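Scope of the values below: all heavy atoms of this structure, side chains included, with no hydrogens, waters or symmetry mates. Lettering follows sequence order; numbering is per chain, from 1. In this text, all values refer to a predicted model and were calculated from it rather than measured experimentally.
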There are 2 protein chains.
Amino acid sequence: MGTTTIDAPAEPKYWQLRTVLVRTIEDEFHPGEILPNERELSARFGVARATLRQALDQLELEGRLVRRRGIGTLIAAPRIGVPVAEPGESWRIVDGGTVKATTAVADALGLEAGAPVHTVQRVRMTAGHIVGTETLFVPPALVPHIPGFLKETSRARAVLKQFQALEIDGEQRSVELGVAEEEQARLLERPPGIPVLVLTTRYQAEGVTVAVAVSTYRADTCRLTFGDSGVEVREAS
Amino acid sequence: MGTTTIDAPAEPKYWQLRTVLVRTIEDEFHPGEILPNERELSARFGVARATLRQALDQLELEGRLVRRRGIGTLIAAPRIGVPVAEPGESWRIVDGGTVKATTAVADALGLEAGAPVHTVQRVRMTAGHIVGTETLFVPPALVPHIPGFLKETSRARAVLKQFQALEIDGEQRSVELGVAEEEQARLLERPPGIPVLVLTTRYQAEGVTVAVAVSTYRADTCRLTFGDSGVEVREAS
DNA sequence: CAGTGGTCTAGACCACCAG
DNA sequence: TGGTGGTCTAGACCACTGA
C-alpha cells in the first residue's frame, strides 16, 4: 500500500550490485588486495554466481578489478597513462615482412586492395609492462631497396629506419574500441577477446598519406594521453 | 588416433562462434539487416543461448552489431567519426550549476576537494544523433560574477561564455574506457552500463590548468578523431 | 591437492515493440 | 498478442594456480 515512488523502473540486480561493489572497493580496499571469491560474494549478496559475474565484468571493463584464474579477483592499480606520439616511447620490434594490403589499409594508402605493403610489428613497453601493439604499414614505393635475404626483424628495422627518414608533416589519429584477436592477444599476453583501444594513425607528407599505423592498447590498464600529460606512470603491484 | 596437432588449446565456444559470425556478417549481411533471433541462432549452432549471447556481446562491443529489445539484432552501421577539438562541433547545453569538486576534478584544477566549481553539461550531436556528453568544470575564481538568480541553463551559458573568453594556450587530453553511469546514460538515451570512451581535457593558460572537461562518447557507435580526419560522417539507417 | 576464476547448460520469467 | 532481446537462476565441469 502506497509507496511514494512510482515503482522505480527497477534497475537490474547486476547494476545495483555493481554500485554496491564500487562503494565497497573505494571505501574498504586498496590496489592489489583480493576480494572474497565469487561463490562467497554471490552467496553474501543472495544472487546467482552468473549475476555477480555480470557485475564484476562491468568493474573489470572499467579497470577497477583484475581477475586472475586460480588466484582471485584483485583491486586494480590505476590505469597507466600512455603518452601517444611523445619522444621516448619504448618499443620492441617483434616481427615484420611484406603482406597483401587489406582493403582498409589499401584505402588509407591509396593502393589497390591486395597490393603488397611492408609491415613492422612492435610491442610497446611502459613501466615494464607490455601495454600495446603496433603494426606499421608502409608502401614499398617509399621504401624500395630492401634486400630480400634479410631476416624479418632486420627487414622490419630497415623499414622503420626508412620510415623515420620520411619527412612526415602531419598525422591524423583516431581512437575506437575493439577486441583483441588472436595475434594481438598473443602479443599482449592475454586471452583473445580482451577489450582494446584501437589507435589508427595516418602519417602524411605533403598532403598524402604515406604510412598507416594501427595500434592496440589494453583498455583495462591503459589511458591514452595526448599533449604532454600522462607522466604519472605508476607501477602495478 | 594420432592427430598431428598437440590437441589445440581448445578455444572457448563463444570465441569460435564469434569468428564464424564475423565472417557471416561480413559476407552475407549489410548494415541495417536483421540477424535471425537468438533462440534460432543458438539452436542452429548447437549451443546454449547464453553462450551465443556471449559471442554477440563481443560483436556488439566491437560495434558490429546493435541489439534492440523487442526488435532483433541488427548489423551496425560503420562507426561515426567524431572530430575532437575541431571548429564546428555541435553541442546542446542541458544543464549547469555549481557543485562541490570531486577529488579528481579538484586535483586537476589545484583546488581543495569539495571546493565549489561551476559546471556546464552539454550533449554532443553528430549527424543528427546524440553521440556524447560533456561536463565542463571551471573554478569560480575565473568566472566570478555570475548572478545567483539565473536559471541553470542561463548560468551554464554564462559560464561557457566566460570560459571561451579565457586565453587557453594548451590542452592535454586523455582517452580511456569506461561505462556510462546513470546520468550519462540518461543523456545518451541508453541504459546504464554501456561502454563509453572517456575523454578528459585539461585546458591550460600560462602553464596552469584553468578548466577541465570530462566527455563520454558511445563506444559502440563512435570513433574519436584527432587532427583533421573523421570527415566521413555517415547516416545510420 | 584444494581453491580460484572461466565456460557452458537448460530453463524460466520479464520488458519492450510491432501489428 | 506474439516475438524479440534482457535478466536471473542452479548447477556442472574445466583450466589454472599455489602450496
Any salt bridge between B/E181 and A/R18, counting N to O under 4.0 Å?
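A salt bridge is present here (some side-chain N lies under 4.0 Å from a carboxylate O).
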Pick one: which of A/R67, A/R44, A/R69 meets salt bridge (charged side-chain N to carboxylate O under 4.0 Å, His left out) with A/E38?
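Of all the options given, the one that passes is A/R67.
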Which letter, B, S or -, goes with each nucleotide of nucleotides 13-19 of chain C from 5' to 3', with contact meaning a protein heavy atom under 4.0 Å?
B-BBSS-
Between [N] atom [atom2] and [X] atom [atom1], what is the distance in whole Å?
| X | N | atom1 | atom2 | answer |
| --- | --- | --- | --- | --- |
| B/F45 | C/dC8 | CZ | C1' | 17 Å |
| A/L65 | C/dG5 | CG | P | 11 Å |
| A/L56 | C/dT4 | CG | C1' | 13 Å |
| A/I34 | C/dG5 | CD1 | C1' | 12 Å |
| B/R53 | D/dT7 | CZ | P | 7 Å |
| A/R67 | D/dA15 | CZ | C1' | 15 Å |
| A/L35 | C/dG5 | CG | P | 9 Å |
| B/Y14 | C/dT9 | OH | C1' | 16 Å |

Between A/V47 and B/P36, which residue's closest nucleotide on DNA chain D lies nearer the 5′ terminus?
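Residue closer to the 5' terminus by nearest nucleotide: B/P36.
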Quick check on DNA chain D: between B/G72 and A/A50, whose nearest nucleotide comes earlier from the 5' end?
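The 5'-side residue here is B/G72.
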Between [X] and [N], does any side-chain N or O lie under 4.0 Å from OP1 or OP2?
| X | N | result |
| --- | --- | --- |
| B/R68 | D/dT4 | no |
| A/N37 | C/dG3 | no |
| A/T51 | D/dT7 | no |
| A/T73 | C/dG5 | yes |
| B/K13 | C/dT9 | yes |

What is the minimum heavy-atom distance between B/P78 and B/P31, and which atoms define it?
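So the two residues come closest at CD-CG, 4.5 Å.
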Which pair of non-hydrogen atoms, one from A/S42 and one from A/R49, has the smallest distance, and what is that distance?
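Result for this residue pair: CB-CA, 3.8 Å.
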Does any N or O in the side chain of B/Q58 come within less than 3.5 Å of the main-chain N or O of B/Q54, such that one atom is a donor and the other an acceptor?
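It does not hold such a pair.
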Test your reading of the model: is there a side-chain donor-acceptor pair from B/R155 to the backbone of B/D95, 3.5 Å cut-off?
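A pair under 3.5 Å: no.
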Could you go through B/V214 and B/F137, starting from their C-alpha distance and side-chain angles, then the distance that decides it, and tell me whether this counts as side-chain contact (heavy atoms from CB on, under 4.5 Å)?
CA-CA 8 Å; B/V214 179; B/F137 299 92; 4.2 Å; yes
Candidate nucleotides D/dT9, C/dT7, D/dG6, ranked by approach to the side chain of B/E38 - the nearest:
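My answer, after comparing the listed nucleotides, is D/dG6.
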